[in-house]
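To start, the structure under review is shown below, and the notes come after it.
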Amino acid sequence: MTTAPWRDPARPAAARVDDLLARMTLEEKSAQLYGVWVGADTDGDGVAPLQREMTSDYDWDDLITLGLGQLTRSFGTAPVDPELGAQALARAQRRIAAAGRFGIPAVAHEECLAGFTAWGATAYPVPLAWGASFDPALVEEMARHIGADLRAAGVHQGLAPVLDVVRDPRWGRVEETIGEDPYLVGTIGAAYTRGLESAGVVATLKHFAGYASSVGARNLAPVRAGVREFADVVLPPFEMALREGGARSVMAAYNETDGVPASADPALLTQLLREEWQFTGTVVADYFGIGFLETLHRVAGSPAEAARAALAAGIDVELPTLKCYGKPLVEAVRAGDVPESLIERAARRVLLQKCELGLLDEDWAPEPTGRIDLDSAANRALARQLAEKSVVLLDNPDGVLPLPPDARIAVVGPRAADALAMLGCYSFPSHVGVHHPEVPMGIDIPTVLQSLRAELPDAKVTFAEGCDVSGPDTTGFEEAVARASEADVCVAVLGDRAGLFGRGTSGEGCDVADLQLPGVQADLLDALVSTGVPVVLVLLTGRPYALGRWHGRLGAVVQAFFPGEEGGPAVAGVLSGRVNPSGRLPVSVPHVPGGQPWTYLQPPLGLADEVSSLDPTPLYPFGHGRSYTTFAWEPAESRELEIDTDGSHDLTLTVRNTGDRPGAEIVQLYLHDPVASVTRPDVRLIAYQRLELDPGEASRVTFHFHADLSAFTDRSGRRVVEPGALELRLAASSADVRHTARLTLRGPERVLGTDRRLLCETEVQTLIT
């Protein structure tokens, strides 16, 4: 038997795909450009925007005779045992391959934002907690585990990470982001991308681009970001994840920017992404995003027009439907309204990726090869480690924490005894499981109450819920106050309930008018504080909330951003002192609920001044976090230096743990540009380093600063390094500067290309004490 050239793995992938495309009909090529969502529910509440209205009807057996580009969420649509789900997916792939002329299976994709979104899979901390850890290596290891689980189940593509930079914390999807700083988002996001790709899974960067900059923090609202904000804040994390992470797919965003929807923007998806950044992978639509060009954006008058606009812009795959790229697109090509070359271009990209994944090989087999355990002991240990590193101690002014082991503790609040309090909206139990209350959760999730009782077995722990997360009922206050009054200390566990499209207080489509704690939780906290018993506030949230109302009145404040299935023990470990808190804020915490939006990336006019009565200064700034130990910072001797506009300078700092317990310090390096041709953020993060130190131990960290890191977009749209003065600020947060090095860049202005340095490399040397 002669093997067709396109089946021969010894041939170059491009030659194989050219041979295959030459054999395919227009309909077969088009079939590679869409996905289908088998089992998607068109009744009741959906898990995607306008799911009921946008889901298409089709005959499965007839459809797959042409082949199929993608299979949508075989595991993430309804609870299914992972072993049985993997077998069912394999059978579906066999049917797809057998039905078509060429035997090509589909790419199976799943959500994996906080772990594989499947029943029984590990629920890791949400991305905002990744940012709080300031630990790219640990996030990369987590992503490697997630990728291994996806591959074991037969999944090829993961729809993560989210690289949107927080611009307004009222936005519901803040929990899905990594933070409000593009360097933090880019470095952590690139690490996640590397981990997923190292497991052989295609990482999908989303949402490209500008989605989080929506007007009024409303989901899918217009974006009115300026050219420089887009270039210097929105885009760098994507560029970093492509160059440093090796992502093979990008998801076009829902939003429109200055009147142009991302899904119909060739300047974004082709000129920038492919021609300037040299991206060669696939661009996929966000769910129903191509159809939205007709129904929401109104820049297309029919599904065929929407298909033409998206395909011309550079979207290769319509997800999770064939509403536009199916029959309407084929008919438009036949009518001469769409060039067939556009279909050929997209099909080539899709098939090249399938070739990379081994899906065109003759020995391809979809059946799982071993036992599938999506919540292994190794996964849980990693989830615990990341959760512990992400908890932020915001305040502990009187040393109320750690709690005494034999204390009388009143645990109060609607988040204390609810396992779902640990999870974001893209964790399976919150995303899908809530629609199936008859099905067990599938994973063990200890609550804060359970964990604290286990952590402090000699303590007397009582509990009262006090109120609901978002409801108006205050009848539980009396019991909560009574329990607090009887205790030595009250632990108030408050926060969010993750959900979708208004069914939660945080999550996709759960945008808020201000940053006041949901429901009557603020009033409950007032009542607890009024008892005179020290109150430790524990927040389990998907966004920051305004805490100025209680500043100076609380015994301690602990912030955890949806810390995952091991979050309960992690928080309890911080309360007991077993865990020395080391998380740092990836988003600022405001004083008051209003006056948003605000992030720390502000030019001079965005800071507090005498011409406005509204002071936006945060209560706790970006990068802030406390510890149970102390650290001494000892900079190397520094003097004012001059370097060329293409030069570099090493900045060295020694950090010593001067306390009596192990701990981690996170050294942050910020850039201040005193004078520039356009206004610049007063400070912006350009490097950081997490240092784990035993008592008395010291480490020397060296930041290799290069002038490229001072670049910004000028008035003409070029990315430039300007000569002049700079300050490099070594800091414990964006507002806590410890040491400053002053530099002068000399020489001509430099215009940078895509080969510019994106990272500030660091070196760490442990010193012998």
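- To the nearest 0.5 angstrom, L163 atom CG is 11.0 Å from Y192 atom OH.
- You'll find the side chain of V469 stays beyond 4.5 Å of the side chain of D418, heavy atoms only.
- A side-chain donor-acceptor contact under 3.5 Å links H156 to the backbone of A108.
- Checked by atom type and distance alone, the side chain of E175 pairs as donor or acceptor with a backbone atom of C425 at under 3.5 Å.
- At least one donor-acceptor pair closer than 3.5 Å links the side chain of E318 to the backbone N or O of C324.
- A side-chain donor-acceptor contact under 3.5 Å links T77 and W37.
- Atom CG of D526 sits in a crowded spot, with more than 12 heavy atoms from other residues, nucleotides or ligands closer than 6.0 Å.
- Within the model, atoms CG of D168 and OG of S214 stand 7.0 Å from one another, a figure rounded to the nearest 0.5 Å.
- Between V391 and A560, the shortest heavy-atom contact is CG2-CB, 4.4 Å.
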Under 3.5 Å, side-chain donor or acceptor atoms of residues 115-128 against the rest of the protein: list the pairs with distances, not counting sequence neighbours.
residue : atom : partner : partner atom : Å
T117    : OG1  : E111    : O            : 3.3
T117    : OG1  : Y426    : O            : 3.0
W119    : NE1  : P440    : O            : 2.8
T122    : OG1  : L374    : O            : 3.0
T122    : OG1  : D375    : OD1          : 2.7
T122    : OG1  : N379    : ND2          : 3.2
Y124    : OH   : N379    : OD1          : 3.4

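- Closest non-hydrogen pair, L575 versus V491, comes out as CD1-CG1, 4.1 Å.
- Every residue meeting the ring-ring contact (aromatic ring centres under 6.0 Å, His included) condition with H207, not counting sequence neighbours, appears here in chain and number order: Y211.
- Between the side chain of E180 and the backbone N or O of S588 there is at least one donor-acceptor pair closer than 3.5 Å.
- The minimum heavy-atom distance linking P472 with V520 is given by the pair O-CG1, 3.7 Å.
- When all heavy atoms are compared, the tightest approach of A285 to I315 is N-CG2, 3.8 Å.
- Side-chain contact between W598 and P618 is present, with heavy atoms from C-beta onward closer than 4.5 Å.
- With contacts defined as side-chain heavy-atom distances shorter than 4.5 Å, the pair W550/V535 does not qualify.
- Remark: side-chain polar atoms of H109 are not paired, donor with acceptor, to backbone N or O of G158 under 3.5 angstrom.
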*Quick one: do L539 and L547 satisfy side chain to side chain contact (heavy atoms under 4.5 Å, CB included)? Show the steps, please.*
CA-CA 11 Å; L539 291 167; L547 301 179; 3.9 Å; yes
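- Residue E110 holds its CD atom at 13.0 Å from CD1 of I146, rounded to the nearest 0.5 Å.
- Of all the heavy atoms in A480 and L524, the pair that sits closest is CB-CD1, 4.0 Å.
- Rounded to the nearest 0.5 angstrom, D373 CG and E83 CD are separated by 8.5 Å.
- At least one side-chain heavy atom of S506 sits less than 4.5 Å from a side-chain heavy atom of F562.
- Using a 4.0 Å cut-off between charged side-chain N and carboxylate O, R543 and D514 make no salt bridge.
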Side-chain polar contacts of residues 492-502 - donor-acceptor pairs under 3.5 angstrom, sequence neighbours left out - could you list them?
residue : atom : partner : partner atom : Å
D496    : OD1  : T505    : OG1          : 2.7
D496    : OD1  : Y545    : OH           : 2.5
D496    : OD2  : G542    : N            : 2.9
D496    : OD2  : Y545    : OH           : 3.3
R497    : NH2  : S470    : OG           : 3.2

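- Looking at R167 and P597, their side chains never come closer than 4.5 Å, going by heavy atoms from C-beta outward.
- No side-chain heavy atom of T599 sits under 4.5 Å from any side-chain heavy atom of F622.
- By the 4.5 Å heavy-atom criterion applied to side chains, P169 and V587 are not counted as neighbours.
- The main-chain N or O of G172 is found under 3.5 Å from a side-chain atom of D511 such that the two form a donor-acceptor pair.
- A donor-acceptor pair is defined here as one N or O able to donate and one able to accept, closer than 3.5 Å; no such pair exists between the side chain of Y620 and the backbone of G625.
- Atom CG in L159 sits 8.5 Å away from atom CG in D286 (nearest 0.5 Å).
- One finds the CD1 atom of I290 at 9.5 Å from the OG1 atom of T321 (value rounded to the nearest 0.5 Å).
- T447 places a side-chain N or O within donor-acceptor distance of the main-chain N or O of Q450, the cut-off being under 3.5 Å.
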_Working note: Y287 + T72, criterion side chain to side chain contact (heavy atoms under 4.5 Å, CB included); need CA distance, chi angles, decisive distance, verdict._
CA-CA 10 Å; Y287 284 13; T72 292; 3.3 Å; yes
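- No side-chain heavy atom of D444 sits less than 4.5 Å from a side-chain heavy atom of E565.
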*What do the steps show when you test E479 against V412 for side chain to side chain contact (heavy atoms under 4.5 Å, CB included), and what is the final call?*
CA-CA 10 Å; E479 182 187 0; V412 173; over 6 Å; no
*Start with the C-alpha gap between W60 and L68, add the side-chain angles, then the distance that decides, and say whether side chain to side chain contact (heavy atoms under 4.5 Å, CB included) holds.*
CA-CA 10 Å; W60 170 256; L68 183 62; 4.1 Å; yes
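- With hydrogens and angles disregarded, no donor-acceptor distance shorter than 3.5 Å links the side chain of K323 to the backbone of P303.
- Of the possible donor and acceptor atoms, none in the side chain of E176 sits under 3.5 Å from a partner among the backbone N and O of V162.
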